[in-house]
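Taking it in order: structure first as structure tokens, then the write-up.
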There are 2 protein chains.
Amino acid sequence: MKKLSGDILKSSALSITSSRTKILDIFLSSPTALAHQDIELKCKEKYDRVTIYRTLQTFMEKGIIHTIPSSDNITRYALCNDECIVAGHHHDNHVHFSCDACGKTICLDDTQIPTVKLPIGYHAHEINMIVSGVCKTCK
Amino acid sequence: MKKLSGDILKSSALSITSSRTKILDIFLSSPTALAHQDIELKCKEKYDRVTIYRTLQTFMEKGIIHTIPSSDNITRYALCNDECIVAGHHHDNHVHFSCDACGKTICLDDTQIPTVKLPIGYHAHEINMIVSGVCKTCK
DNA sequence: GTAACTGCAAAATATTTGCATCCTT
DNA sequence: AAGGATGCAAATATTTTGCAGTTAC
């Protein structure tokens, strides 16, 4: 059962505005992670570019979405699930997959990041694993 | 024993120019990964910003350096070691660490990325693991 | 009604491209 | 000498900031 954008905004103590609802709905209905530009295209001249920047920033601060590291200088965002926020800080523990063929990035929600032993003196706070290759639909 | 920039350029069939030598030397003497801006600062008005862009691009194409994925929209580069290029494609198998305190990113050359089992239908080509936290010197 | 959100303009920053000149081989 | 590399100018793209008008509660 899908969450409703309004409920998410309410539980984050954000006022329910047209742009936030729209952008959140886009995330809720997207199977892939989204870059600023993706959202801009999906909004089709409906909202200002700046509003999208600010909305994404607000969602980040509230822990509604998280960023996915990438090598290509494009910040992509995906919805956090409930387990994402543990003891106050962001902590999403799943692998991200980036398809070389279709270019899409998705969260492999059921694929846990394996543990890794760091050299002495290093303390991990957050771990990201990004696998690139060919996805299910492109293979 | 450290490699020499000249040798690296020669073995990549690149002509030995002042800017390439300088930028490569910066990498050879840097314990951390470097962003375009870091290099610009270390060059101190010596080379044009565009030259640095193009040099980094060239080094990437030749497999001399690799990028490290990040969430902050900054592309950081680090030298590839010999094992980086396996069977024609880039394949660096070590963990990258990004320190929240000093902001530096380093290659943990001796920390291998653990294997991960992907869902059926997904085929990995390259795997990146970025751990953020507090590094040895900042702890 | 008030505080917060949005759109527009513009500034600041980052990256790419074209071209004439210079350097490496 | 020839081809490639560099520097400069400028085009393009991206992100941030300020402010006035609008909207949610």
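As the structure is a prediction and not an experimental result, all values here were calculated from the model. Each chain gets a letter, A, B and so on, in the order its sequence line appears, and its residues count up from 1.
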Check your understanding: How about A:Glu61: does its CD atom have over 12 heavy atoms from other parts shown lying under 6.0 Å from it?
Key ->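 Enclosed: over 12 neighbouring heavy atoms sit under 6.0 Å from CD of A:Glu61.
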Picking from [options], which would you name as closest to the side chain of [X]?
X: A:Thr51; options: C:dT16, C:dT6, D:dT15; value: C:dT6
X: A:Gln37; options: C:dC8, D:dT14, D:dT6; value: D:dT14
X: A:Gln57; options: D:dT6, D:dT16, C:dT16; value: D:dT16
X: B:Tyr47; options: C:dT16, D:dG7, D:dC25; value: D:dG7
X: A:Asp48; options: D:dT6, C:dG7, C:dC5; value: C:dG7

Exercise for review: Would you tell me whether A:Arg20 and A:Ser5 have side-chain atoms, one donor and one acceptor, within less than 3.5 Å of each other?
Suggested key: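 No, A:Ser5 and A:Arg20 have no side-chain donor paired with an acceptor closer than 3.5 Å.
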Review point. Parallel, tilted or perpendicular: which fits the ring planes of A:Tyr53 and A:His36, with parallel below 30° and perpendicular above 60°?
Key: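 The rings of A:Tyr53 and A:His36 lie parallel, inter-plane angle below 30°.
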Roughly how many Å is it from [atom1] in [X] to [atom2] in [N], rounded to a whole number?
X: B:His36; N: C:dT15; atom1: NE2; atom2: P; value: 7 Å
X: B:Arg20; N: D:dG4; atom1: CZ; atom2: C1'; value: 8 Å
X: B:Asp72; N: C:dT13; atom1: CG; atom2: P; value: 17 Å
X: A:Leu56; N: C:dC5; atom1: CG; atom2: P; value: 15 Å
X: A:Glu40; N: C:dT6; atom1: CD; atom2: P; value: 15 Å
X: A:Ile52; N: C:dC8; atom1: CD1; atom2: C1'; value: 14 Å
X: A:Leu9; N: D:dT23; atom1: CG; atom2: P; value: 18 Å
X: A:Lys22; N: C:dC5; atom1: NZ; atom2: C1'; value: 19 Å

**Study point:** Contact nearer the 5' end of DNA chain D, comparing B:Ser19 with A:Arg49
**Key:** B:Ser19
Exercise for review: Name the residue closer to the 5' end of DNA chain D, choosing between B:Val50 and B:Ser15 according to the nucleotide with the nearest heavy atom.
Suggested key: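 With B:Val50 and B:Ser15 compared, the 5'-side residue is B:Ser15.
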Check your understanding: Does a nitrogen or oxygen in the side chain of A:Asn73 sit under 4.0 Å from OP1 or OP2 of C:dA14?
Key -> no
Check your understanding: Taking the six-membered ring for Trp, are the ring centroids of A:Phe59 and A:Tyr77 within less than 6.0 Å of each other?
Key -> no
Review point. Taking for each residue the nucleotide of DNA chain C with the nearest heavy atom, is it B:Tyr53 or B:Thr17 whose nucleotide lies nearer the 5' end?
Key: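 The 5'-side residue here is B:Tyr53.
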Exercise for review: Could you tell me whether the side chain of B:Arg54 has a donor or acceptor atom within less than 3.5 Å of a complementary atom in the base of D:dG4?
Suggested key: no
**Study point:** Qualifying salt bridge (charged side-chain N to carboxylate O under 4.0 Å, His left out) pairs with a residue from residues 29-43 of chain A, counting only residues at least two apart or across chains
**Key:** A:Glu40-A:Arg49
